[in-house]
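Residues take their numbers from the sequence shown, with the count starting at 1.
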Amino acid sequence: MFHPFQVERYLSQREQTAKFHFAESGVHPLTLTELIDIAEVDMDRLGSVLLDYPEVNGLPELRSHIASMYPGAEAGDVLVTVGASEANHVIASTLLEPGDEVVAMTPTYQQLPGNARNAGVNVLTVPLVEDDDWALDLEALELTVTSRTKIIALVNPNNPTGHILTGNERAAIIAAAERSGAWIVSDEVYAGTEHHTDDQTASFWGEYEKVIAVNSTSKAYGLPGLRLGWLVAPDDVYEALWRRHEYATISAGTIDMHLATAALSPHVRPKLTARARGLIRTGFDTLTQGLAVHPGVFSVVPPEASAMSFVKFDLPLTSLDLADELLRDEGVLVIPGSCFGMEDHFRFSSALPDPYLRDGLERLNRISERHLAGNH
Ligand SMILES: Cc1ncc(COP(=O)(O)O)c(C=O)c1O
């Protein structure tokens, strides 16, 4: 049975028509001109790039910029992919066989677990507990990871909650992986989007031998349109992943790789993450004010990272009905919690220009007023 990608399906069927788009998972993207300015791209050099197939595993300079972000990694450990999406897909198709088990957090971005399900793999979940500030349930982790577990799939920082795994949680995950022999696949696209620190969330790479780290330019760098991601993997699986990548896409785009090389160079990368963090931090304050207008209706555990908040609501309708009503009557797009398997929630992205955000929040409050007054 095919399991559609709930979040992406919800988005792709609606995002082109929404007037107020709060369903995005990244910060407001850069324009091409902005990137060229910030990264001081040499336009003559870019103009002379031959639009041929590039190195299939990624341009060497790009791979070495990426490798420098991971302790002990070399360019030869990095495979450049079409977004983190392709990386997750290739990992699932390389490591998993029907009947295997994957353990994922819940709620989570469905990419790796969904690919696993579609490959006939049994996906077990370990909750992030909202009442405990989205802490990972360590007892459930202990019980769920067994010798049958092939992959422990992490999204750290997490989508949709913004939770960053604590030192204790990281240690428990590594201990569980060591005990069971499982791979840790760590999707780290939100590293660099922290709210309270300028220290980037550390990768799992280097903390245990069977780690594959996944990342992309889409979130912390504000460049989702480049469709440029990567994975970092140990030698014993790197070649096998590369073989799958040849089937999936052959390679990422030549121009995308050149622009990503500029964006991820050591002097440009911090400018892009600083921009993302600035947008994220101001946007969350505005969101908190907007959600406080009707006391008791909305609550949110402040996300520790990412542009999004997973907002809980107390209104007499399902998350899908609320999201559909917001879109139909106010042109406001959010992701219903049901796409993450959790009712009474929606995911709301606030790293957006202030007047736009305030306008959208007023619209959200108009819909809640309507339900509070019973006029719907
Ligand atoms: C956790 C996570 N991983 C991967 C992706 C896909 O990213 P990309 O644009 O790099 O394919 C997303 C996009 O929302 C995401 O939230």
Side-chain angles (χ1 to χ4, degrees), residues 1-15 22-25 84-85 88-89 92 96 100-141 143-145 149 151-165 169 173 185-187 189-190 214 298-301 303-327 333-349:
M1 185 181 128
F2 178 71
H3 302 270
F5 197 156
Q6 307 278 7
V7 172
E8 297 302 336
R9 179 176 66 175
Y10 193 83
L11 265 172
S12 65
Q13 289 174 340
R14 293 164 178 81
E15 66 186 340
F22 300 111
E24 257 313 332
S25 54
S85 303
N88 283 322
H89 186 79
L96 298 172
D100 280 347
E101 273 184 20
V102 164
V103 172
M105 309 148 117
T106 185
T108 196
Y109 191 63
Q110 202 194 336
Q111 202 156 60
L112 188 66
N115 268 305
R117 273 197 194 100
N118 285 333
V121 168
N122 190 15
V123 177
L124 307 174
T125 55
V126 176
L128 294 168
V129 182
E130 186 169 23
D131 290 345
D132 197 8
D133 290 343
W134 297 117
L136 185 67
D137 183 335
L138 296 183
E139 263 176 50
L141 178 77
L143 291 172
T144 313
V145 175
T149 309
I151 293 178
I152 302 176
L154 307 175
V155 172
N156 185 47
N158 175 259
N159 174 1
T161 65
H163 177 65
I164 302 175
L165 292 167
E169 290 167 343
I173 290 164
V185 175
S186 185
D187 181 331
V189 294
Y190 292 102
V214 172
F298 299 114
S299 62
V300 59
V301 177
E304 294 163 284
S306 90
M308 315 161 286
S309 298
F310 203 42
V311 179
K312 189 170 188 181
F313 66 87
D314 183 7
L315 291 169
L317 71 174
T318 65
S319 62
L320 183 61
D321 286 347
L322 175 63
D324 281 352
E325 192 174 326
L326 273 167
L327 186 61
L333 184 65
V334 300
I335 305 274
S338 58
C339 288
F340 292 95
M342 274 185 94
E343 267 310 327
D344 306 325
H345 287 77
F346 57 85
R347 195 187 76 182
F348 191 104
S349 178

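In this structure, the separation between CG on Leu317 and CG on Leu322 is 5.0 Å, given to the nearest 0.5 Å. How far SG of Cys339 is from NE2 of His345: 14.0 Å, rounded to the nearest 0.5 Å. The CG atom of Leu141 sits 9.0 Å away from atom OG1 of Thr149, with the distance rounded to the nearest 0.5 Å. Taking OG of Ser338 as the reference point, atom CG of Asp344 lies at 10.5 Å (rounded to 0.5 Å). Distance check: Thr108 OG1 to Leu128 CG gives 7.5 Å after rounding to the nearest 0.5 Å. A distance of 4.5 Å separates CD of Gln111 from CG of Asn88, quoted to the nearest 0.5 Å.
A heavy-atom distance below 4.5 Å is found between the side chains of Arg14 and Asp324.
Side chains of Glu343 and Ser319: a donor-acceptor N/O pair is present below 3.5 angstrom, by distance only. Side-chain polar atoms of His3 and Gln110 form no donor-acceptor pair below 3.5 angstrom.
The minimum heavy-atom distance linking Phe310 with Met342 is given by the pair CE2-SD, 3.8 Å. When every heavy atom of Leu154 is checked against every heavy atom of Met105, the shortest pair comes out as CA-SD, 4.1 Å. Residues His163 and Asp133 come closest through the heavy atom pair ND1-O, 3.7 Å. Heavy-atom minimum distance, Glu169 versus Leu136: OE2-N, 2.8 Å. Residues Ala116 and Leu96 approach most closely at CB-CD1, 3.6 Å, considering heavy atoms. Nearest heavy-atom pair, Asn158 versus Pro107, reported as atom, atom and distance to 0.1 Å: ND2-O, 3.2 Å.
Not one N or O on the side chain of Ser309 forms a donor-acceptor pair closer than 3.5 Å with the backbone of Val311.
Note on ring orientation: taking the six-membered ring where Trp is involved, the planes of Phe346 and Phe298 are perpendicular (angle over 60°, cut-offs 30° and 60°).
Residue Gln13 qualifies as enclosed at atom CD: its count of foreign heavy atoms under 6.0 Å is above 12.
Looking at Phe340, Tyr190, Phe5 one by one, the single match for ring-ring contact (aromatic ring centres under 6.0 Å, His included) with Tyr109 turns out to be Phe5. Of the candidates Ile152, Asn156, Val103, Leu138, Ile173 forms a side-chain contact (heavy atoms from CB on, under 4.5 Å) with just one, namely Ile152.
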- [ ] Applying side chain to side chain contact (heavy atoms under 4.5 Å, CB included), run through Leu11 and Leu333 and close with a yes or a no.
- [x] CA-CA 9 Å; Leu11 265 172; Leu333 184 65; 4.2 Å; yes
